[in-house]
Amino acid sequence: MRFGITILPEHHWTEAAPLWRRAEEYGFDHAWTYDHLVWAGLPDSPWFGALPTLTAAATVTSTIKLGTFVSSPNYRHPYVFLRDLLALEDISGGRLLCGLGTGGDLDSRILGEEQTVKERVDRFHEFVEVLDRLFREDHVDHAGAHYRTVDARTLPGSVQQPRVPFVVAANGPRSLRLAARLGQGWVTYGKGGDTLDEWWSGIAELSARLDATEADAGRAEPLDRYLSLDGAPRFSLESAGLFVELVGRARELGFTDVVTHWPRAEGVYAGSEAVLNEVAGLLPSLR
């Protein structure tokens with residue numbers, strides 16, 4: 001089992017830098033930040049760009065993997081995104097993970113778009129397919145429903161081979177198939193639920209659905225499976241005991257990685273850093 005922590009990009013860098021350093025010192029395997037223009041969970045909060053934040057995080061850490069949780073095509077072209085990812089991967093020394101998802105309604109509407117969920121999923125699939133091709137090829141020509149490239153140059157290429165790992169956020173059948181085809185990892189926060197038992201029931205259903213999808217795709221290597229623990233109706237760092245319980249159940253369902261959130265003083269993900277400190281001490285025994 002590997003462990004990740006998400007640090008929301010709401011802090012000025014003078015406040016954020018120590019958090020990223022501590023995430024590495026605590027022994028987390030990967031650290032993430034949200035990639036939104038505005039996150040619906042904190043619409044009135046200060047908010048900073050994900051890729052500059054991760055670039056800065058790369059300069060104050062040396063071993064922990066760094067990822068977007070998750071990036072979407074709501075406000076990006078895959079070729080422009082490729083250039084940013086190549087720079088970030090180089091600066092981090094090959095520690096980049098690229099979380100990818102369809103994206104939320106709010107980010108889409110801010111730029112004046114009105115797309116149905118199906119239209120956004122269609123665009124997401126094209127986005128991932130083009131991004132994958134750009135990582136693997138040079139001189140890329142593409143003419144699709146949503147994106148075009150003309151002789152797109154892609155040097156220097158990825159530090160990681162064959163490219164940066166894609167961790168695809170997927171619950172529905174189409175996106176699960178996309179994850180099985182082009183992803184190196186799958187991430188889910190579940191299907192909701194008012195109780196932990198309801199939430200776990202949904203997680204088990206999704207996990208079984210991925211089993212079948214991977215079998216149909218004939219993958220030689222199974223996807224790494226990431227579970228966002230805080231999709232549950234209780235904050236995973238409510239107590240060390242709850243965290244240990246959630247990790248155990250995730251392990252039983254075949255998850256290879258779990259992700260929590262850095263405790264905030266109030267509101268969403270409100271908790272105590274004393275609990276985070278306690279949990280960090282337990283990580284070696286939970287692996």
Side-chain angles (χ1 to χ4, degrees), residues 1-7 23-24 26-34 54 61 63-71 89 92 94-101 128 132 160-172 175-191 196 199-232 236-237 240 242-262 276 279-287:
M1 181 68 74
R2 293 178 294 263
F3 298 91
I5 191 163
T6 302
I7 301 170
E24 182 169 89
Y26 274 145
F28 284 95
D29 300 284
H30 30 76
W32 309 79
T33 200
Y34 284 9
L54 291 175
T61 59
T63 59
I64 194 169
K65 291 186 178 295
L66 304 169
T68 56
F69 206 66
V70 295
S71 296
E89 188 191 32
S92 68
R95 291 184 284 134
L96 179 61
L97 298 169
C98 186
L100 295 167
V128 175
D132 173 72
Q160 303 174 82
Q161 292 300 319
R163 58 154 165 74
V164 170
F166 289 177
V167 181
V168 180
N171 281 359
S175 292
L176 284 170
R177 289 194 295 271
L178 180 70
R181 184 162 58 88
L182 294 180
Q184 284 65 55
W186 165 65
V187 61
T188 185
Y189 53 83
K191 300 172 62 179
L196 281 178
W199 184 69
W200 280 117
S201 177
I203 296 294
E205 178 185 330
L206 291 170
S207 184
R209 190 180 298 169
L210 182 64
D211 288 340
T213 303
E214 285 188 318
D216 290 343
R219 285 187 63 97
E221 295 289 336
L223 289 162
D224 289 336
R225 300 187 181 199
Y226 295 74
L227 178 60
S228 179
L229 295 178
D230 298 322
S236 61
L237 294 182
L242 177 61
F243 184 84
V244 170
E245 175 189 338
L246 296 177
V247 169
R249 295 194 66 171
R251 192 192 309 274
E252 290 171 1
L253 290 174
F255 284 89
T256 59
D257 298 73
V258 294
V259 182
T260 185
H261 287 75
W262 199 282
L276 173 59
V279 163
L282 296 173
L283 295 185
S285 65
L286 294 173
R287 295 186 194 280

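Being a predicted model, the structure only gives us computed values, none of them experimental. Nothing fancy with the numbering, it's 1 onward along the sequence. Atoms considered below: every heavy atom in the structure, side chains included; atoms not considered: hydrogens, waters and symmetry mates.
In this view, R287 and D29 satisfy the salt bridge (Lys or Arg N to Asp or Glu O under 4.0 Å) rule, not counting sequence neighbours. Listed by chain and residue number, A169, V187 satisfy the side chain to side chain contact (heavy atoms under 4.5 Å, CB included) test with V70 (two or more places apart in sequence, or in another chain). Remark: R95 pairs with no residue by the salt bridge (Lys or Arg N to Asp or Glu O under 4.0 Å) rule, at least two apart or across chains. For W186, the ring pair (Phe, Tyr, Trp, His ring centres under 6.0 Å) partners are F255, not counting sequence neighbours.
Ring centroids of H30 and F69 are separated by 6.0 Å or more, keeping the two rings apart.
For the atom pair L229 CG and L237 CG, the distance stands at 8.5 Å (nearest 0.5 Å). Atom CH2 of residue W200 and atom CG of residue L227 lie 5.0 Å apart, to the nearest 0.5 angstrom. Atom OH of residue Y226 and atom CG of residue L97 lie 5.0 Å apart, to the nearest 0.5 angstrom. Separation of atoms OG1 (T33) and CH2 (W262) is listed at 12.5 Å; rounding is to 0.5 Å. Atom CZ of R251 and atom CE of M1 lie 4.5 Å apart (nearest 0.5 Å). The structure places CH2 of W32 at 9.5 Å from CG of L66, a figure rounded to the nearest 0.5 Å.
Side-chain N or O atoms of T68 include one that pairs as donor or acceptor with a backbone N or O of G99 at under 3.5 Å. For the pair E214 (side chain) and P222 (backbone), a donor-acceptor distance under 3.5 Å is absent.
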### Task
Output, in order, the C-alpha distance, side-chain angles, deciding distance and verdict of side-chain contact (heavy atoms from CB on, under 4.5 Å) for L286 and F243.
CA-CA 10 Å; L286 294 173; F243 184 84; 4.0 Å; yes
### Message
For H261 and S228: C-alpha separation, side-chain torsions, deciding distance, then whether side-chain contact (heavy atoms from CB on, under 4.5 Å) applies.
### Response
CA-CA 9 Å; H261 287 75; S228 179; 4.1 Å; yes
### Task
Go through the steps to decide whether D257 and D224 satisfy the test side-chain contact (heavy atoms from CB on, under 4.5 Å), and finish with yes or no.
CA-CA 7 Å; D257 298 73; D224 289 336; 4.2 Å; yes
### Task
Could you check L246 against L196 for side-chain contact (heavy atoms from CB on, under 4.5 Å), going step by step and ending with a plain yes or no?
CA-CA 9 Å; L246 296 177; L196 281 178; 4.2 Å; yes
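Scanning all heavy atoms of the two residues, the minimum distance from V258 to A250 falls at CG1-CB, 3.7 Å.
Annotation for Q161: atom CD counts as buried by contact number, over 12 foreign heavy atoms lying within 6.0 Å.
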Kindly list each side-chain donor-acceptor pair under 3.5 angstrom involving residues 202-212, sequence neighbours excluded, with atom names and distances?
| unit_1 | atom_1 | unit_2 | atom_2 | d |
| --- | --- | --- | --- | --- |
| E205 | OE1 | K191 | NZ | 3.0 |
| E205 | OE2 | K191 | NZ | 2.8 |
| E205 | OE2 | R209 | NH2 | 2.8 |
| S207 | OG | R225 | NH1 | 3.1 |
| S207 | OG | L253 | O | 3.1 |
| R209 | NH1 | N171 | O | 3.0 |
| D211 | OD1 | R225 | NH1 | 3.1 |
| D211 | OD1 | R225 | NH2 | 2.6 |

Show me the side-chain donor-acceptor pairs of residues 177-184 shorter than 3.5 Å, one per line, residues at least two apart or across chains.
| unit_1 | atom_1 | unit_2 | atom_2 | d |
| --- | --- | --- | --- | --- |
| R181 | NH2 | E129 | OE2 | 2.7 |
| Q184 | OE1 | R163 | NH1 | 2.6 |
| Q184 | OE1 | F166 | N | 2.9 |

